[in-house]
Amino acid sequence: MAAKIIDGKQVAAEMQAELKAEVAQLRQEGIVPGLGVILVGEDPASQSYVTAKERACAELGIYSDDNRLPANITQKDLIALINKMNADPKINGILVQLPLPKHLNEGEVLIAISPDKDVDGFHPTNIGKMVAGQPAFLPCTPHGVIKLLQRNGVKIEGAHVVIVGRSNIVGKPIANMLIQKSKDGNATVTVCHTKTKDLAHHTRQADIIIAAAGRPNTITADMVKDGVVVIDVGVNRIKDASKKSGFRLTGDVDFEKVKEKASLITPVPGGVGPMTITMLLYNTVESAKRAAGKI
Ligand code: GUN
């Protein structure tokens with residue numbers, strides 16, 4: 001079976017069109033959603049993610065406050081900026097692009113963001129609410145994966161989902177979201193990681209594989225059953241002299257071979273990536289509506 005390719009750009013464009021209409025309506029009521037963006041240092045991948053997020057804000061009519069800070073900024077100065085944004089009524093969401101330079105304490109930085117403006121869903125208060133099944137900002141990449149599955153007609157309830165990777169940003173939260181007793185959850189979830197024995201034994205059982213290991217070719221064709229749905233969250237830069245940039249992007253899945261066995265599969269780029277940005281915009285609009293007392 002050759003897989004249908006899940007078009008993340010298309011789903012993202014549909015959702016962003018819905019959000020754009022909603023923002024236009026909010027603006028008529030004098031409500032302008034605002035996102036405070038903080039990028040520390042000059043990591044090229046982070047720079048391109050942040051630029052894409054700000055461009056998407058502009059396209060939707062969301063105000064963005066751009067802050068590009070030197071790599072040697074102190075913890076104190078960074079937290080002072082976050083506190084300023086916490087108190088600024090024009091800012092509904094705060095995005096601190098990760099990873100941060102090693103001298104900064106990431107946990108302390110994330111905890112400084114007001115849980116009410118934590119549109120990344122990384123604050124322990126929001127993580128705790130998510131785990132307990134209470135309303136909370138949900139982390140963008142996992143939430144985007146769920147929307148991508150739903151909008152492509154994939155039934156999550158009762159499915160055996162095998163997640164490869166246990167990061168705080170993807171693996172752990174998506175496992176928690178998928179086991180919730182809710183319309184977006186009710187899956188049976190296996191979480192695999194670098195210490196898993198016989199990874200292929202687990203992935204072969206999966207109805208849905210979510211690859212979030214950060215390593216090319218983690219999932220090969222011999223590791224999947226016919227008809228599996230494959231979501232590739234990996235974004236790996238591979239040197240490629242034929243490209244102007246000197247690199248090309250690849251996911252964690254051997255796309256060309258696995259697509260011959262899968263029923264549905266996401267490409268990299270153009271799969272999960274556009275959804276992460278979309279869910280950030282979605283959370284920012286939700287936050288603006290909450291701040292205005294509309295929800
Ligand atoms: N770095 C990689 N993904 C993300 C994300 O979703 N949010 C933030 N803040 N940083 C990231």
Side-chain angles (χ1 to χ4, degrees), residues 8 12 15-16 34-57 62 64-69 71 73 78-79 81-82 85-86 91-102 104-115 117-127 130 136-148 163 165-174 176-177 210-215 231-237 249 251-252 266 268-269 271-284 286-287:
M15 287 194 70
Q16 289 188 25
L35 180 68
V37 179
I38 301 176
L39 172 61
V40 182
E42 296 186 349
D43 175 66
S46 292
Q47 281 174 332
S48 77
Y49 292 141
V50 162
T51 301
K53 287 170 184 177
E54 288 174 339
R55 215 177 271 149
C57 281
I62 296 172
S64 70
D65 177 14
D66 176 84
N67 295 268
R68 311 245 170 167
L69 308 175
I73 189 165
L78 178 56
I79 289 187
L81 176 60
I82 292 170
M85 288 183 175
N86 282 339
I91 302 287
N92 303 108
I94 301 172
L95 166 85
V96 179
Q97 186 66 25
L98 302 178
L100 289 170
K102 292 274 174 289
L104 296 169
N105 180 334
E106 194 168 286
E108 212 177 84
V109 168
L110 295 179
I111 228 171
I113 297 172
S114 162
K117 298 192 178 187
D118 170 39
V119 285
D120 256 326
F122 293 162
H123 192 287
T125 296
N126 284 316
I127 296 170
M130 173 193 70
F137 288 119
L138 296 174
C140 301
T141 301
H143 199 188
V145 167
I146 289 174
K147 294 279 182 201
L148 214 45
I163 300 165
R166 55 176 159 182
S167 69
N168 288 337
I169 293 183
V170 184
K172 282 187 210 165
I174 202 160
N176 271 293
M177 289 160 74
I210 299 176
R215 190 175 55 110
I231 304 292
D232 192 349
V233 187
V235 186
N236 306 295
R237 287 184 168 208
L249 292 181
D252 290 352
T266 58
V268 178
V272 174
M275 294 304 294
T276 298
I277 297 183
T278 304
M279 300 321 295
L280 178 75
L281 304 167
Y282 175 93
N283 280 346
T284 304
E286 286 294 296
S287 184

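Quick caveat: nothing in here was measured; it's all calculated off a predicted structure. The figures that follow rest on heavy atoms only: side chains count, while hydrogens, waters and symmetry mates do not. Start at 1 and go down the list; that is how both ligands and their atoms are numbered.
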Q: Please check if the side chain of N67 supplies one atom and the backbone of D65 the other of a donor-acceptor pair under 3.5 Å.
A: yes
Q: Once side-chain hydrogen bond (donor to acceptor under 3.5 Å, both in side chains) is applied, what residue pairs with a partner in residues 136-146 remain, sequence neighbours excluded?
A: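 Sorted result for residues 136-146: T141-T276.
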Q: Taking D252 for the side chain and V233 for the main chain, is one N or O donor matched with an acceptor at less than 3.5 Å?
A: no
Q: For the CG atom of N92 and the CG atom of L35, what is their distance to the nearest 0.5 Å?
A: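 Taking CG in N92 and CG in L35, the distance rounds to 9.0 Å.
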Q: Any donor-acceptor pair under 3.5 Å linking the side chain of K117 with the backbone of G36?
A: no
Q: Under 3.5 Å, side chain of T51 to main-chain N/O of Q47, donor-acceptor pair present?
A: yes
Q: I'd like a table of the close N/O pairs between ligand 1 and the protein (anything under 3.5 Å), one pair per line with both atom names and the distance.
A:
residue  : atom   : partner : partner atom : Å
ligand 1 : 1 (N)  : Q97     : NE2          : 3.3
ligand 1 : 1 (N)  : L98     : O            : 2.9
ligand 1 : 7 (N)  : D120    : OD1          : 3.1
ligand 1 : 7 (N)  : D120    : OD2          : 3.4
ligand 1 : 9 (N)  : V96     : O            : 2.8
ligand 1 : 9 (N)  : D120    : OD2          : 2.6
ligand 1 : 10 (N) : L98     : N            : 3.0

